[in-house]
Asks: 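Handing you a structure now.
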Amino acid sequence: MSAPRAVKGMHDLLPDRTAHAAWLEARFREVARRWSFDEIRTPVVEPTELFVRSIGESTDIVEKEMYSFVDKGQDALTLRPEGTAGVVRAYVEHAVWTQEPVTRWIYMGPMFRRERPARGRYRQFHQLGAELFGDPGPYADAELIDMLVTFLREAGVADVEVLLNSLGGPEARRAYRHALVEYLEPRRPALSADSQRRLASNPLRVLDSKAPEDREVVAHAPRITDFLNAEDRAHLDGLRAALDRLQVPHRLEPTLVRGLDYYDRTLFEVRGRGGELGAQDAVCGGGRYDGLVETMGGPPTPAVGFAIGLERLMLLAPPPPPPPGTDVFVVAVGAAERLEAAVIARELRAEGLSVETDLRGGSLRSQLRRADRVGARLALLVGSDELARGVVQLRDLRAGRQREVGRDALRAAIRAERSAT
RNA sequence: GUGGGUGUAGCUCAGCUGGUAGAGCAUCGGAUUGUGGCUCCGAGCGUCGCGGGUUCGAGCCCCGUCACUCACCCCA
C-alpha cells in the first residue's frame, strides 16, 4: 500500500507557517481584547439541521459542500462549514441574553467545505470571527467593522477598504428580488449560462457575476438601495456616517451580495488587491443577521458579525519577524558527558531559558554545527576535564568568544550574556 | 461539477531533434584525534506519479489513469 497522504484540500502547517498563523491569532485576540470581545469555542461537529436552517436550504454550501454523515445510524451530523451557526446555537442554548444585554464574542478554528481546491480555497480552512449580539443600531456595525479594519492593518495588510451594501429587511429584499427578476427575465438570452441558472435559483447572485455580458445587463438593473424602507435607509446612512467619523475607509458597492441566506441590512466584505488571492479575493465577509437568533429558537435578537479567512490573510499579510530562538545549546564534548549535559540543560530550562541539546553522541564539531544551525546565541561545552573542576565552557557563538564559568555561577553568567546584546 | 497547466532526489529545478539521470539548497562525514559559521573535499538519497503502447532503445513520443495546481462555479 502506498504512503498515506493528507486528504485533498486539507493541509499540514509546518512550523514556519504555524508561527505565522499563531501570530495572527494572537494579534486577533489582542485587538479583540481592546474592543472587549471574549473568545468562545464551539464544537466542530453540529447537527446537520443547524446549518440547513441557518445558512439556507438552497445555498451552495448546504446543497453540495457539506461534510455530512450519520452517526451510528442515529444522528445526522455535519462538520461546520462556517462559524456563525454554531455560535448562535451556543448563544441560544446558554440563554446568554438573560445574563447581559449585549454580548461580544470572537471565535477561531477550522471550517470544512467540500469544494474544488484552488488558491486561497481549501476544504479545511480556518476562520477568525466575531459576533456582536443585542445591539440593533448602525453604530454596532461601525464598531465591529472598525475592529476588523484595525486588526487587518495590525496583521500587516497594506490597503484595507471595506465594501458595503444593504440588503434591507425581509420585505425590502422580497420586493427587490421581485423587481430584479422582472427586469432580468426578458433579458435572459443576453445572460451567461451560469446566470441563466442563477436566475431561477438565486437571482441576487446575478449581480456579482464576473461575466462581461452579465455586467452589461446588471449595470442598468434596479438597485437594492432604491427598495430600502426608511429604517433600512437610516441604518445604512448611520453606518456610513459612523465609518466616516471613525475614519474607516469604505465604499458603497450596490452589487455586493453573499452566499448565505441569513443576512439583513448591512453586508460587507474586504478584498485583497493585486491578485495575491487569485480569484478568491474576499479575505473577510460579514453582515447583520437580525432574524437568525429567533429562528434558532431564541428571542428576537439583533446581531452582526464577520469572518476572516486565515489562509487568505496569510497570503495577504507578510509573516511576522522571527521570534527569538534557542538561547543555549548544551554540547557534550564526549559521549561520557552526555548525561551531565542533560542535567545542566534541565537546570537552565528550569530558569526559563530555551535550551537545545544533541545527545546522540556525535562529534563536537557536529554538535557545534547544529548549535549554529538552530541559531543559538550561546553554546555550553561540557567536557570531562571541566566537569572534574566544576566548570563549563561558555561560548558566545556570535562573537566567537569563549570563557570558563563555574557551574554555580552559570545562571548569572548566561543572564549577563543575554542582557548584554 | 466544468476547462487549462504541471508531475524528475527531502526542497527548488535542469535534462539538447528519443540512447538507459544531473545541479543548487538541505542532510551526513572529513580538511592534525575537544570547537560552529566562510571555503574546500566527499557520501547517501531518484520505482523519472502510476499503467499500457510505439521503438533495437523513452524521463523525453502516444493513450489511459491518479495527484497537484490554476481558472470557472461558489466563497473565507
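Protein chains get the first letters and strands the later ones, always in sequence-line order, with residue 1 at the start of each. The basis for the numbers below is simple: all heavy atoms, side chains too, and nothing from hydrogens, waters or symmetry mates.
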Asks: Expressed as a whole number of Å, how far does the C1' atom of B:U39 sit from that of B:G46?
Replies: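 The answer is 29 Å between these two C1' atoms.
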
Asks: Closer to the 5' end of RNA chain B via nearest nucleotide, is it A:Ala6 or A:Gly362?
Replies: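 By nearest-heavy-atom nucleotide position, the 5'-most residue is A:Gly362.
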
Asks: Within the structure shown, what part of the strands sits under 4.0 Å from A:Phe329 by heavy-atom distance: base, sugar-phosphate, or nothing?
Replies: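 Nothing: the residue A:Phe329, judged by heavy atoms under 4.0 Å, touches no strand.
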
Asks: Determine the interatomic distance between C1' on B:G7 and the same-named atom on B:G49; round to the nearest Å.
Replies: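 Between the two C1' atoms, the distance is 6 Å.
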
Asks: Look at the side chain of A:Glu115 against the base of B:A76 and say whether a donor-acceptor pair falls under 3.5 Å; ignore hydrogens and angles.
Replies: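 Per atom types, the contact qualifies.
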
Asks: Is there a donor and acceptor pair, one atom on the side chain of A:Arg113 and one on the base of B:A76, closer than 3.5 Å?
Replies: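 A donor-acceptor contact between them is present.
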
Asks: A:Leu14 CG to B:G10 P: how many Å, rounded?
Replies: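 Going from A:Leu14 (CG) to B:G10 (P), I get 15 Å.
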
Asks: C1' atom, B:G18 versus B:C72: distance in rounded Å?
Replies: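 Result for the C1' pair: 38 Å, nearest Å.
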
Asks: Could A:Arg89 and A:Glu49 be called an ion pair, given the rule that one side-chain N must be under 4.0 Å from one carboxylate O?
Replies: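 No.
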
Asks: I'd like to know if A:Glu356 pairs up with A:Arg373 as an ion pair, taking the criterion as any Lys NZ or Arg NE/NH1/NH2 lying under 4.0 Å from an Asp or Glu carboxylate oxygen.
Replies: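 Looking at A:Glu356 and A:Arg373, the cut-off is not met.
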
Asks: Looking at A:Arg116 and B:U2, is any side-chain donor or acceptor paired with a base atom of the opposite kind under 3.5 Å?
Replies: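 Looking at the base of B:U2, it does pair with a donor or acceptor on the side chain of A:Arg116 (distance under 3.5 Å).
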
Asks: Between B:A76 atom P and A:Arg312 atom CZ, what is the distance in whole Å?
Replies: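 About 8 Å, once rounded to whole Å.
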
Asks: My understanding is that a pair needs two contacts under 3.5 Å, Watson-Crick or G-U wobble. By that rule, which nucleotide pairs with B:G59?
Replies: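 No nucleotide pairs with B:G59.
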
Asks: If we take the P atom in both B:G37 and B:A71, what is their distance in whole Å?
Replies: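 That atom pair is separated by 43 Å.
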
Asks: Is any side-chain N of the basic residue among A:Arg104 and A:Glu131 closer than 4.0 Å to the acidic one's carboxylate O?
Replies: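 Here A:Arg104 does not pair with A:Glu131 in a salt bridge, since their nearest N and O are not under 4.0 Å apart.
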
Asks: Which residue lies toward the 5' end of RNA chain B, A:Pro117 or A:Leu310, if each is placed at its nearest nucleotide?
Replies: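 With A:Pro117 and A:Leu310 compared, the 5'-side residue is A:Pro117.
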
Asks: Is the phosphate of B:A67 approached by A:Lys8 (side-chain N or O, under 4.0 Å from OP1 or OP2)?
Replies: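 No, A:Lys8 has no side-chain N/O under 4.0 Å of OP1/OP2 on B:A67.
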
Asks: When you check the gap from the basic side-chain N to the acidic O, do A:Arg407 and A:Glu347 get nearer than 4.0 Å?
Replies: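 A salt bridge is present here (some side-chain N lies under 4.0 Å from a carboxylate O).
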
Asks: Less than 4.5 Å apart, side chain to side chain, heavy atoms only: is that true for A:Arg80 and A:Pro110?
Replies: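 A side-chain contact exists here, since the closest heavy-atom pair is under 4.5 Å.
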
Asks: What nitrogen or oxygen pairs link the protein and nucleotides 33-38 of chain B at under 3.5 Å?
Replies:
unit_1 : atom_1 : unit_2   : atom_2 : d
B:G34  : N1     : A:Glu386 : OE1    : 2.9
B:G34  : N1     : A:Glu386 : OE2    : 3.3
B:G34  : N2     : A:Glu386 : OE2    : 2.8
B:U35  : O2     : A:Arg395 : NE     : 3.4
B:U35  : O2     : A:Arg395 : NH1    : 3.4
B:U35  : O2     : A:Gln402 : OE1    : 3.1
B:U35  : N3     : A:Gln402 : OE1    : 2.9
B:U35  : N3     : A:Gln402 : NE2    : 3.1
B:U35  : O4     : A:Gln402 : NE2    : 2.8
B:G36  : OP1    : A:Arg365 : NH1    : 3.4
B:G36  : N7     : A:Arg395 : NH2    : 3.1
B:G36  : O6     : A:Arg395 : NH2    : 3.2
B:G36  : N1     : A:Leu397 : O      : 2.3
B:G36  : N2     : A:Asp372 : OD1    : 2.9
B:G36  : N2     : A:Leu397 : O      : 2.6
B:G36  : N3     : A:Asp372 : OD1    : 3.4
B:G37  : O4'    : A:Asp372 : OD2    : 3.1
B:G37  : N2     : A:Leu397 : O      : 3.2
B:G37  : N2     : A:Arg398 : O      : 3.3

Asks: Tell me the interatomic distance from A:Arg119, atom CZ, to B:C72, atom P, rounded to whole angstroms.
Replies: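 About 13 Å, once rounded to whole Å.
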
Asks: How many Å lie between CZ on A:Arg123 and C1' on B:C68, as a whole number?
Replies: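 Taking CZ of A:Arg123 and C1' of B:C68, I get 13 Å after rounding.
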
Asks: What is the nucleic acid contact for A:Ala307, judged by heavy atoms within less than 4.0 Å: base, sugar-phosphate only, or nothing?
Replies: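 Sugar-phosphate, no base atom in range.
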
Asks: Of the nucleotides B:C74, B:G29, B:A76, which has the atom closest to the A:Ser366 side chain?
Replies: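 That would be B:G29.
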
Asks: Before accepting this row, confirm whether a basic side-chain N of the pair A:Arg251/A:Glu253 lies closer than 4.0 Å to the acidic partner's carboxylate O.
Replies: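 Yes.
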
Asks: I'd like to know if A:Asp290 pairs up with A:Arg288 as an ion pair, taking the criterion as any Lys NZ or Arg NE/NH1/NH2 lying under 4.0 Å from an Asp or Glu carboxylate oxygen.
Replies: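 Salt bridge flag = yes for A:Arg288 with A:Asp290.
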
